[in-house]
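Beneath this line is the structure, given in structure tokens, with notes to follow.
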Amino acid sequence: MEHALADTGRDIFFSLCGWHAWYAPQGKRLGNSWRIAGDVNSWGDAMDALDIDADLAQYASEHHFNDPDMLLGSSGNTAVKLTPAQSRSQFNLWCILMAPLLMGSDVAHMSDWDVETYSNIDMIAVNQDKLFRQGVRLVGGKLSTGVPHRQSVEGINVWGKPLFD
């Protein structure tokens with residue numbers, strides 16, 4: 001499919017949706033992004049996706065992205081929402097992950113908090129940095145289960161990524 005879309009001569013972003021991490025190693029030859037986890041419908045789901053994506057950084061590159069799912073936001077007019085602090089944390093983490101920044105919100109009725117969050121040019125610059133590197137967990141353990149891996153500091157995660165400038 002990726003080749004057929006490329007043959008059109010137009011820029012087309014092809015996103016795969018299979019809800020499994022096994023897409024990551026195959027993703028570059030199949031499309032531009034691939035869902036790596038189930039739907040994010042809660043903070044716990046966001047942490048599940050984050051934990052899965054933590055081990056997939058080597059598969060992300062320019063025009064190729066691990067997709068942990070949409071940003072939920074905190075506005076009151078959505079079917080599923082997070083607290084304001086959770087929605088900002090999700091956005092910032094998705095930016096570090098170089099994830100597609102797709103909002104599952106009605107943009108015409110977003111709260112001022114969500115508008116401020118999603119228009120943060122500094123975090124968008126981190127997401128779209130010219131090195132095209134996905135961030136990684138530097139310190140801490142799995143957030144969805146509390147099972148530590150790497151250098152675990154209970155209850156704390158530190159994430160980072162190299163930047164072009």
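A quick note: this is a predicted structure, and the numbers were derived from the prediction, not measured. Values reported hereafter were calculated over all heavy atoms of this structure, with side chains retained and with hydrogens, waters and symmetry mates removed.
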Tell me whether [X] shares a hydrophobic cluster with [Y], the cluster being built from Ile, Leu, Val, Met, Phe, Trp, Tyr side chains joined at under 4.5 Å.
X: Phe91; Y: Met70; value: no
X: Ile156; Y: Val136; value: yes
X: Val80; Y: Leu93; value: yes
X: Val126; Y: Phe164; value: no
X: Tyr118; Y: Trp113; value: no

Pairwise distance [atom1]([X]) to [atom2]([Y]) - rounded to 0.5 angstrom:
X: Leu5; Y: Ile12; atom1: CG; atom2: CD1; result: 5.0 Å
X: Leu143; Y: Asp48; atom1: CG; atom2: CG; result: 9.5 Å
X: His64; Y: Arg29; atom1: NE2; atom2: CZ; result: 11.5 Å
X: Phe65; Y: Trp94; atom1: CZ; atom2: CH2; result: 16.0 Å

Between [X] (side chain only) and [Y] (backbone N and O only), is there a donor and an acceptor less than 3.5 Å apart?
X: Lys28; Y: His63; value: no
X: Asp129; Y: Leu163; value: no
X: Lys161; Y: Arg133; value: yes
X: Asp67; Y: Asp69; value: yes

Note to self: Using the rule given for side-chain contact (heavy atoms from CB on, under 4.5 Å), can you reason through Gln134 versus Asp53, listing the C-alpha separation, both sets of side-chain angles and the distance that settles it, and then say yes or no?
What the structure shows: CA-CA 9 Å; Gln134 177 176 313; Asp53 211 350; 3.0 Å; yes

Student check: side-chain heavy atoms of [X] and [Y] closer than 4.5 Å:
X: Tyr59; Y: Asn66; value: yes
X: Ile36; Y: Tyr23; value: no
X: Trp34; Y: Phe14; value: no
X: Ser87; Y: Leu71; value: no
X: Gln90; Y: Leu82; value: yes
X: Asn120; Y: Ile124; value: no
X: His20; Y: Arg35; value: no

Next item on the list: Might you point out which heavy atoms bring Lys142 and Asp55 nearest each other, and give the distance in Å?
Entry: NZ-OD2, 4.1 Å

Margin query: Checking Leu56 against Ile52 for the side-chain contact (heavy atoms from CB on, under 4.5 Å) test, could you report, in this order, the C-alpha distance in whole Å, the side-chain angles of both residues, the deciding distance, and whether it holds?
Written below: CA-CA 7 Å; Leu56 303 175; Ile52 291 167; 4.0 Å; yes

Next item on the list: Assess whether atom CG of Asp7 is packed by more than 12 heavy atoms of other residues, nucleotides or ligands within 6.0 Å.
Entry: yes

Next item on the list: Give a yes or no on whether a salt bridge exists between Glu62 and Lys130, defined as a side-chain N under 4.0 angstrom from a carboxylate O.
Entry: no

Checklist line | Carboxylate-amine/guanidinium contact Arg137 Asp51, below 4.0 Å | finding: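 Yes, charged N to carboxylate O under 4.0 Å.
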
Item checked: Check against side chain to side chain donor-acceptor pair (under 3.5 Å), Asn157 and Trp159 -> CA-CA 6 Å; Asn157 264 217; Trp159 291 73; 3.2 Å; yes

Taking only distance into account, with no hydrogens and no angle test, what donor-acceptor pairs under 3.5 Å do side-chain atoms of residues 96-110 form with protein atoms, sequence neighbours excluded?
from, atom 1, to, atom 2, distance (Å)
Ser105, OG, Leu72, O, 3.4
Asp106, OD1, Ala108, N, 3.1
Asp106, OD2, His109, ND1, 2.8

